[in-house]
Amino acid sequence: MRLAFFLSVVIAALVLLLQPRLDRKPLTNSAGYLAAHGVKENHVNKISINSRKLKFPADIVPIPHTSGQIQFGKADSVDINIKLDRCPLVKSYSFSAPEHSVKITVRKNGPIDDASDRSRLAKKWSSTKDLPLLGLRVHSADQKHLGWGYRVYTPINVLITTPGGGPLIYFCKGKQNGEPSECQLNYKHPAGIYVEYSIEGRSLASWREIHSCVQNLVNSFLIS
């Protein structure tokens, strides 16, 4: 009886000791993390976000992210990197460079909404200038601060909006010479998911083509 009791205590202690390790999620972006979400390289992959299922072709590997317990075939968000040569109307660059790409994130929750975007645009800026050749209006803050939002770009044509009718805004971070190094745009898709994409600052020269390309790609991924 004593031996049986002792063994039961040892087994219980081992279970308590090993349980955190058994419950521990694989490292983010590791092979185990992708596999836990059901993602395989060089395979067609399907991921559900907010009850919306997305299907990615075999040459695009979606990188899933989940804050809580991982569920096979589901994620809070996915990241994909697309070379700009997938966007045939974009002005020619050296597409082999990794920065000449667009990073697209599809998520179930959005960081901002149309109302907050309008209020951001309404704030006082150090300067506002139209760039007719780009078709953009640039709003600049104090040049001492080069973080995200130090400079934002919006279409001069106010009829160009997000699917929800809100302002189309590129939030940028900058370099010491004042030029943007990277820009990011967010919008809510009619399907109820949120889309965010980031581009190199100089790719703003092709913002219309890139924006259209991103929208078409996301639409092509949606299957339900």
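Sequence positions, counted from 1, serve as the residue numbers for this chain.
Nearest heavy-atom pair across L204 and C183 is CD1-SG, 3.7 Å. Considering all non-hydrogen atoms of both residues, I210 and S203 come closest at CD1-O, 3.6 Å. Between T105 and S77, the shortest heavy-atom contact is CG2-CB, 4.3 Å. In plain terms, the two heavy atoms of I49 and R107 that are nearest each other are CG2-C, 3.8 Å. Annotation for P180 and Y150: closest pair N-OH, 3.4 Å, computed over non-hydrogen atoms. Between F72 and G38, the shortest heavy-atom distance links the atoms CE1-CA, 3.2 Å.
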Requested in this report: Check the pair I104, V218 against side-chain contact (heavy atoms from CB on, under 4.5 Å), reporting the backbone distance first and the verdict last.
Outcome: CA-CA 9 Å; I104 305 174; V218 173; 4.3 Å; yes

Query raised in the report: Can you list the steps and then say if S140 with T128 is a side-chain contact (heavy atoms from CB on, under 4.5 Å)?
Result: CA-CA 6 Å; S140 300; T128 298; over 6 Å; no

Query - Derivation of the side-chain contact (heavy atoms from CB on, under 4.5 Å) call for Q184 and S198 - result: CA-CA 4 Å; Q184 188 179 89; S198 302; 3.4 Å; yes

**Report entry** Steps toward side-chain contact (heavy atoms from CB on, under 4.5 Å) verdict (I82, S101)
**Finding:** CA-CA 5 Å; I82 302 295; S101 62; 6.0 Å; no

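With hydrogens and angles disregarded, a donor-acceptor distance shorter than 3.5 Å links the side chain of T162 to the backbone of G166. For N157 (side chain) and L159 (main-chain N/O), a donor-acceptor pair under 3.5 Å exists by modelled atom type. With hydrogens and angles ignored, the 3.5 Å screen pairs a side-chain donor or acceptor of W207 with a backbone N or O of L134.
Residue pairs satisfying the side chain to side chain donor-acceptor pair (under 3.5 Å) criterion with at least one member in residues 37-49, sequence neighbours excluded, are listed as follows: H37-T66.
Going from atom CD1 of I169 over to atom OH of Y153 covers 14.0 Å, rounded to the nearest 0.5 Å. To the nearest 0.5 angstrom, H139 atom NE2 is 12.5 Å from S126 atom OG. Taken from CG in N216 to SG in C87, the straight-line distance is 9.0 Å, to the nearest 0.5 Å. Here the straight-line distance linking atom CG of N186 with atom CG of L168 works out to 10.5 Å at 0.5 Å rounding. One finds the CG atom of L222 at 5.0 Å from the NE2 atom of H189 (value rounded to the nearest 0.5 Å). In this structure, Q215 CD and S220 OG are separated by 12.0 Å, a value rounded to the nearest 0.5 Å.
Note on ring orientation: taking the six-membered ring where Trp is involved, the planes of H211 and Y197 are tilted (angle from 30° to 60°).
None of L54, V102, I60 except one satisfies the side chain to side chain contact (heavy atoms under 4.5 Å, CB included) rule with I80; the exception is I60.
Taking the six-membered ring where the residue is Trp, the centroids of Y194 and Y187 are separated by 6.0 Å or more.
Considering only residues two or more places apart in sequence or on other chains, K108 meets the salt bridge (Lys or Arg N to Asp or Glu O under 4.0 Å) condition with D76.
In this structure, Y170 is not a member of the same hydrophobic cluster as I156, with clusters built from ILVMFWY side-chain heavy atoms closer than 4.5 Å. V44 is not connected to V61 by any chain of hydrophobic side-chain contacts under 4.5 Å among Ile, Leu, Val, Met, Phe, Trp and Tyr, and they are in different clusters.
Using a 3.5 Å distance cut-off with no hydrogens or angles, the side chains of R137 and T154 do not pair a donor with an acceptor.
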